[in-house]
Amino acid sequence: MPKVPGLVKGLGVTMGTLFRTAKNGADTVQYPHAKEAPPVRARGVIALREDNCTACMLCARSCPDWCIYIEGHKQLAPPRRAGGKPRQVNHLDRFDIDYALCMYCGICVEVCPFDALFWSPEYEYSEPRIADLLHDKDKLGEWMETVPEAPELEAGAEKKK
Amino acid sequence: MSSMLAADVNVAQNVGFYIIAAIMVFGALRVVSGRNVVHTALWLVVVLGGVAAQYLLAAAEFVAISQVMVYIGAVMVLFLFGIMLTRATIGEESDLNNKNWSIGIPVSLLLAGTLVWVIVDQYRGEVLASPDEPMSTTAISDVFLREGLVPFLALSFVLLAAAIGAIVLARKD
Amino acid sequence: MMSIALEIPYWGQSLLRVLGGIGAVLLPAGTIVYLFLFKMMSFMQSRLGPMEAGPYGSMQLLAEVGKWLQKEDIIPENADAKIYKLAPVIVLVSTFLLVVVVPFGPDALFTDFSAGVFYALAIGSVSVIGILVAGWSSANKYSLLGGLRAAGQLIAYELPMVLAVVGVVIQAGSMNLQQIVVAQNSGSIFGWDGVGFPFVLTQFVGFLIFMIAVQAELTQVPFDMPIAESELVSGYMTEYSGFRFLIFFIGEFATAGVFAFIASVLFLGGWGIPFSWFGWESLDAVDGWMNIVGPVIMLTKMLVLTGIIMWVRFSYPRFREDQLQKFAWKVLIPLSLANIAVTAILKVAI
Amino acid sequence: MTMLSERQQMSYIAAQAADARLNVELETEGMTLNIGPQHPATHGTLRIIARLDGEQVVWAEPSAGYMHRGYEKLTEVRTFPQVTALINRIDWLGSFANEVPFILAAEQLMDIEAPPRAQHIRTILFELSRIANVSLFLGDLGVQMGAVTPVFMAFRDREYVLNLIEGATGGRFHPNFDRIGGLKDDLPKGWLDETRQVMKKLRNFCDEIEDLLFGNEIFQSRTRGIGVIPADVARQYGLSGANLRASGVDWDLRRDQSLPLAYDKVDFRVWTHPDGDSWARCWIRLQEVREATKIVDQLIETLPPGPVMTKVPRIIKVPEGEAWVSTEKPLCEIGYYVFS
Amino acid sequence: MLGATLSSGWFLENAWLIPLIPAIGFVFIILFGKKMPQNGSEIGIVSIGISLAISIGATFQWIDRVNSASGGSDYASGGFFGAFRAIFPTAADGGYGASFVEPVVRSWTWWQSGGLEFGLGQHIDGLAIMLLLLVTFISFLVQIYSTEYVSGDRRYTHFFASLTLFSAGMLVMVLAENMLQLILGWEIMGLCSFMLIGHWWEEEANSRAALKAFFTVRVGDVGLLVGTAIIFFGANDWAVEHGSNGFSIRGISAWALSGEASQSVLFWGGVALFIASIGKSGQFPLHTWLPDAMAGPTPVSSLLHSSTMVVAGVFLVARLYPVFFVGFDILDTTVNFITIIGGITIIVAAALAFVQDDIKKVLAYSTVSQLGYMMLGLGVGAWLPAVFHIFTHAFFKCALFLGAGSISHSGSHHSFDMKKDMGGLAKKMPITAATWMVSTAALCGIPFFSGFFSKDEIIDNASHNGYQFFYYVALVGAFMTPAYMTRATYLTFFGKPRGAAAGEHHDEGHDDAHGAAHADHDDHHDDAHDDHGAHDDHGAHHGPHESPWRITAPLIVLSILAIGSGYLNAPAFGTHYFTDWVEPVGVEVALDDEYGHSSGEEESAGIVFAAVQAGDEEYDGKAKGCGFADPSEGTVCYAPKLSHAVFSWSKAMPSIILVFAGILFSAWVCMGIYGDRRNPFAGLTSKFAPARWIHTLLVNKYYLDHLYEKVIVFAFAHPIARAAYWVNQNILDAIVNNVGRGGRRTGEWVYRNVDQRVVDGAVNASGLAASEGGHALQPVQSGKVNQYGALLFGAATVGAIVLILVNI
Amino acid sequence: MYAVNFLILAAVLFSIGVFGVIARRNAVMVLMSIELILNSVNLNLIAFAMMNNSPEGHVFALYVIAVAAAEVGVGLAMVLMIYRNRRSIALDELSVMKG
């Protein structure tokens, strides 16, 4: 079989793609009209369950670029059982994450011993000004709603303890 | 003066001629007096374009097109090339003129005067008949390929020699 | 020409011509940009292209024009401002001058030069000056390099283009574009005149050379060294912004359209349909409705040809500068000379 | 008075010499052109001062160092998990491949080894990041030469790979998935099937690129015989990775080195090319993408069950010592010298 | 016989295809050669083969035509197959003085200017047919040979392309209908010879040889152009009047013999054209390029330098023989330019052949010498023997060259040095040796070999036509030829194997041995080193062996022809086919009144033959007829009437004796010098001073190259350059200076000598005026263009004004 | 149209060109002035051709155009060479031929 010149083959590839796109539609997604669902594990934004947080500062310390700001004070909480001694708990005053600095490494989520931090796949939170990317705990709390369930694992995996 | 109103003088053609001629003369003066090399080259383009337009007025269509093709398309590009390759600075240069440019004015004025005098003396009042249609390419090609064949071939050799010569001159090694 | 001339006053004719000229330049340019630059390229890259402005993004070009018009008109500080402003105009004007020889119908033409082909090629070379001074006056080394490359390239590919056309001229026996159209539509292939005699059949080599040269004249890939984005950062257009960039942009695509018009006239039979279909004997016998249908046919052929140009543009990488020059001087020009020789011999022999 | 470094003096002398040469046999006005770091072809990483004679570069000085980000210093004050997050950023296009050797070095220091399933998944992700990296290179190669379409195809098909990586690790560009002693998590369900589909797509992509770009005569004329590095020169200059293999040296750390990765479980070919020119280097990379897809396919079929994490203390305490681990990254050989 | 319709045929009518096909083949080789399975050589071979086939067809049809003219009307309508029967007619039915056979002429207008048409066309007569057949045949064999010889070469395809184009050029020239076409073919050949000789240009000696060949031939080409111009301006008026033009070969021939031509125009035109022949055919003063051109590959040598290119010069003289015949008064005088040159060439070249160590150079000088024979033959009026010698010489010289190539290819490991690398090869290479022997015998003119018949005819006719002195010159040549050929044969095939022939170089490091073998070559022209490319592919080469069939087959064919071709015209055996077929008969031909196209469909170049007037003279030679008297009214001649010496063995005896004497003497001397040390001739050149001088002179080729390169070039180029520089520096640059200074000096001189003695004041003033004038003018010569421009235009304007004012 | 028109225009252009040749210092600009002169000659040729209604003038004008192209080619090559050797194309510095 005679060799087809590369120039012709190249034209063939582009034209083939053209017809494929016309037939099957594009591989792109028309973004504001249609959205791709991010994977369950996608590290979109960090959500905070404030109730669980004890302001232990583990996350703030382990953050590689120190973008988590936590302030808290000790206060007495009502006793767990009626009549008990009032407990001393750390109350969270401020939990801010500066998403302009965050590098989405996920260490904070991992180190949190109280399951207060979660990854949400939510990604539409851009701001016109960079300073507006500093989100406080209310905002972080809102994202808790978008946190999905942990996915099932592939066959052969051992369940985590 | 009465001859100015001769019936076969086409007014529109004359007006066109004068406008173009004025532009050409102005352009030509800019060419020889301008202070920026690239600007003068562009003025030369204007003059050459004007010449082409005059050819059209003179019903010399083919020559006009050749003028555009050779001069504007090739020669001027070469000029611009040459200028840019020999360090054309942006902005004005003061020393574009010679020391003895003052000789040039009387010489050229004298020349112009003489020529105009002779021309007016000889051809005053002679009217060029407006041809009905432009000089046909066929007629020109007939001259080229019959009487003018040998000069045509000679010219092609000249061009070849010029091309080779230019390459030899401009080559680096 | 006659029928129009009788019915419309002179100023009306003039106006029609000006409008027609602008239309003949801008309409194809816009069509090409939308159809090929926006849509075909996108589809070739498995995406959809602009979809928001207008249905299927058809108004995108207007939006872009609006965007460019409102952008700041930046002139670099060291630039030669006068020439910098003049350069894009030269390019666009040469395109407008180019379109006037193209016949769009038996009477629908702007002017009827007897040496129309020659005129087209001559005017086509004028834009070189615009590009060259654009590069020079920008006071930018990339621009200057781009301008010089463009000039060298346009000159180098002007030659094969002219030489490729010579074959057609020999075959048609005329340099008049209208005559060339007539020669193709009234001819016959071995006595069969069903499709006329488009010169692309006999002048296929010439057609190929012509299209390659057009590709290079338009500085489209694979001959886009002058505006190579990854090397010269758009070359001579580097410093241009806003309105002046728009002129260059329109000029580029308008010239593509006009060259495709000329190519379709030279090789594909132009506006005509084979005269035998309607029993026309000569140009005079052609019906008036061809003045309306002719431009449409032309537009179709033009779109096919520009489609090929753009298709190549979106598929190929570019040459290196020396390869480009070598290709012109060592391949195309000898080939086109051989084409001329063969055509001349066949013309005399047959 | 400013003191010139020796290197600056040398470059000054070279510039003078180039000027002198231009003056002697100059055809045109010489031009000194600065390419980069803002030039589109250099991506902010490199600056080349070139001296041109017409279209010809007669002298050039590359000036590197724009990408130096001071990792060494940054890592001095961070813990091992934090460093892992930073290490991701060394090569943005193949991040996972950055993590692996570092983690391996740390494991070496701690004298632990990840379980086999983790090793397998590491290898899969490692090869996926190779695909993501090199396929973009292949498309971008076209853009640098003026071909606009290949890069879109590359982006299109790289997207599938990135989706895979994101699906498994959560991070598209910076997975940060590797942990000392294993992986952060196991693969999600359905991932393996999807991977199989994507590998098919990528093989198709390789064919397309081969037709569109590599088979193109213009592309070949621009790359063949350009920048030839003979095998001995390549060895002397210490080239590594695909560049070395393009010079005909059969050297691949994946095969020639035994690390706790799953490369010894798969059958793959190490491609070499005798030419050593630009084309050979591109071609080698194309073949490696193909090869990587095959490796991934094989690994998926042989994925062993089991845990993905060994027992490690909660607070990682790396014992004092030093370790050097190098692997065959997408671009070249990368090695980490870890000193604890 | 009168008005007998001449037969013609497709092949004759379309003989123009013969050069065209190789030319097209050339284009194809260039375009597609490298992609072909055999790298393009098959295209060359096929195209030459087709040409050969057409040539053969044309030859048969020409023979048919000749026979039909001379009454063999039996064959006239026989067509192609009839021609077969016509090849060897029963007896010489045409005989001498047969009727004129009209050449087959066709021409097409190429271009036209000022009423002058320049045509391309074919002019087929016996001479052209003979050479067409010869060239295509030899080219065909050489191409086959080359496929083996240069196989594996880096520029294999280009080699075949050049070879094919070269053949096409020669064929164009042979066919040429007019002088311009002849020049075209001539120049194509010149160009191709340059490419072929310099085929291995990487070695400087080769490119120098190519350049030398090119430039030397170019010197002659100036003569060709000048001669063509002279002849054109002399002939055109007459020719146009008779329906042709001054470029047409027939027009020129007819004009030269018409008696209306100016003798001086013919003489100078002839001189100029003969200078072209000298250059191309390597005659005496310009022969030096030919041996150097042996630097080319051997097939090239055999094609260019034995049978085609170098005979182009001879062909030119033969083609325009009327011009030379009348211009040089051939047969009327006992000495003329052609004979002088031819005679000198025979002796000089033969002497040089004695001292060459390089086998190809021996052959080259032998070629030069043989070309001298051909020229001599033409000069003494022996047109036919000279042409016949071209024919026979082509076969045996080609065989010799190819044999030399075969030896170097398979016997001496790409060396051509007879003393170093050959000897005793007869046993190792029997076929090559046998063919070599046969060809040598033919070259030497041993009876019953072809060379004898042609060479002896020349010698005989020299005497017959009254050129007694050159008869002896030719006899001396006849002695020298076998002598040097015997030497070469001895050195190559007999004695002890030496050098490469003994297989030495295959010891370790054969490159070193190789280098040593060539270190003391006086000029490194041979292609041994460069041939390694070709050599690499037969690495299993152990010592001398016989060459493969693609080399031996042409050798065998050629050596058979080296014997057989002579019998085409062997008066000793009463055959004179060649004479009948080739010689144009000198008879007056009636002109058609209207130079129109009355003779059928073929478009003629102008002069049309309507009827043939009987060649009514008795065949006795000189007294009357074409070339000796003006043709009568209304008739023209196309060829001078020549007589042939009648062969007799007694007249041939001197040359036969000399040939054998030469062989024996040479063999004796050779065995002495190269074999047996006790022989009296051993060490002759070292013992005996005059011999040493002669040897030195010969080794240095009479110092001709020194003359050209050192003396002429040096004397001209350097002094001219220096003079130009000097003029530039001292005259042009400072012309006004010198005017001033000269004026002042004049003034001073006058002041001192005249003024002091004669008139004081007046002269003093004039001297001063000159001096001051010079000074005043000096600034004008500023060297600035602008200023010159100002002066030019200013002066022109002033001059114009003055003119106008005067004329008002 | 009057013949004088063309002829006078040509004469004026010619004189301007002559001034350019005399006055300009830059070799390229001298070449440009020469182009002016050549074009004025061409104008004359065309005018006379129109006067005689014959194509010869056109043919000569075309010859002139072709020769001018050759002249520019060689001229600019020389300018480039001068520039290469002397780093300047000022004509009054080129006085090697000074007497």
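Convention: sequence-line order gives letters A, B, ...; per-chain numbering from 1.
Considering only heavy-atom pairs separated by less than 4.5 Å from chain B, the leading option among F/Val67, F/Leu13, F/Val72, F/Val18 is F/Val72. Between chain F and the options B/Leu160, B/Thr114, B/Leu78, the largest number of non-hydrogen pairs under 4.5 Å is found for B/Leu78. The candidate with the highest count of non-hydrogen atom pairs below 4.5 Å against chain F, out of B/Val120, B/Val118, B/Leu110, B/Leu155, is B/Leu155. In terms of heavy-atom pairs under 4.5 Å with chain F, the best-connected choice from B/Ala161, B/Ala74, B/Ser108, B/Ala162 is B/Ser108. Each of F/Val4, F/Leu36, F/Ile16, F/Val74 has some count of heavy-atom pairs under 4.5 Å with chain B, and the biggest count is that of F/Ile16. Residue with the most contacts toward chain F among B/Ile105, B/Val158, B/Leu109: B/Ile105 (heavy-atom pairs, distance under 4.5 Å). Heavy-atom pairs under 4.5 Å with chain F were tallied for B/Ile119, B/Val47, B/Leu159, B/Val70; the largest tally goes to B/Ile119.
At a 4.5 Å heavy-atom cutoff, the contact between F/Ile65 and chain B is made by backbone and side-chain atoms alike. Within the 4.5 angstrom heavy-atom criterion, atoms from both the backbone and the side chain of B/Ala41 approach chain F. Of the atoms belonging to B/Leu44, it is side-chain heavy atoms, and not backbone ones, that fall under 4.5 Å from chain F. Of the two parts of B/Val63, the backbone and the side chain both hold a non-hydrogen atom closer than 4.5 Å to a non-hydrogen atom of chain F. For F/Leu9, the part sitting under 4.5 Å from any heavy atom of chain B is the side chain, from C-beta outward, and nothing else. The parts of B/Leu111 that come within reach of chain F are both its backbone and its side chain, each placing non-hydrogen atoms under 4.5 angstrom from that chain. With a 4.5 angstrom heavy-atom cutoff, F/Leu7 touches chain B via backbone and side-chain atoms both. With a threshold of 4.5 angstrom between heavy atoms, F/Val12 approaches chain B through side-chain atoms but not through N, CA, C or O. Of the two parts of B/Ala112, the backbone and the side chain both hold a non-hydrogen atom closer than 4.5 Å to a non-hydrogen atom of chain F. Using a 4.5 Å cut-off between heavy atoms, B/Val25 touches chain F through backbone and side chain atoms alike. Proximity to chain F (any heavy atom under 4.5 Å) is restricted, for B/Leu48, to the side chain, taken from C-beta onward.
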Show me the donor-acceptor pairs within less than 3.5 Å that the side chains of residues 39-49 of chain F make with the rest of the protein, sequence neighbours left out.
from, atom 1, to, atom 2, distance (Å)
F/Asn39, OD1, B/Gln67, NE2, 2.7
F/Asn39, ND2, F/Glu35, O, 2.9
F/Ser40, OG, F/Ile37, O, 2.6

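Minimum heavy-atom separation, B/Ala52 to B/Ala64: O-CB, 3.5 Å. Of all non-hydrogen atoms in F/Leu62 and B/Ser66, the two that sit nearest each other are CD2-OG, 3.3 Å. The nearest pair of heavy atoms linking B/Val32 to F/Phe19 is CG2-CD2, 3.7 Å.
F/Met29 contributes atom CE, which lies 8.5 Å from atom OG of B/Ser33 (distance to the nearest 0.5 angstrom).
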Q. Going through the distances and angles, do B/Ile65 and B/Tyr55 end up as a side chain to side chain contact (heavy atoms under 4.5 Å, CB included)?
A. CA-CA 9 Å; B/Ile65 297 173; B/Tyr55 290 159; over 6 Å; no
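Pairs of residues two or more places apart, or lying in two chains, that qualify as ring-ring contact (aromatic ring centres under 6.0 Å, His included) and include a residue from residues 60-80 of chain B are B/Phe62-C/Phe118.
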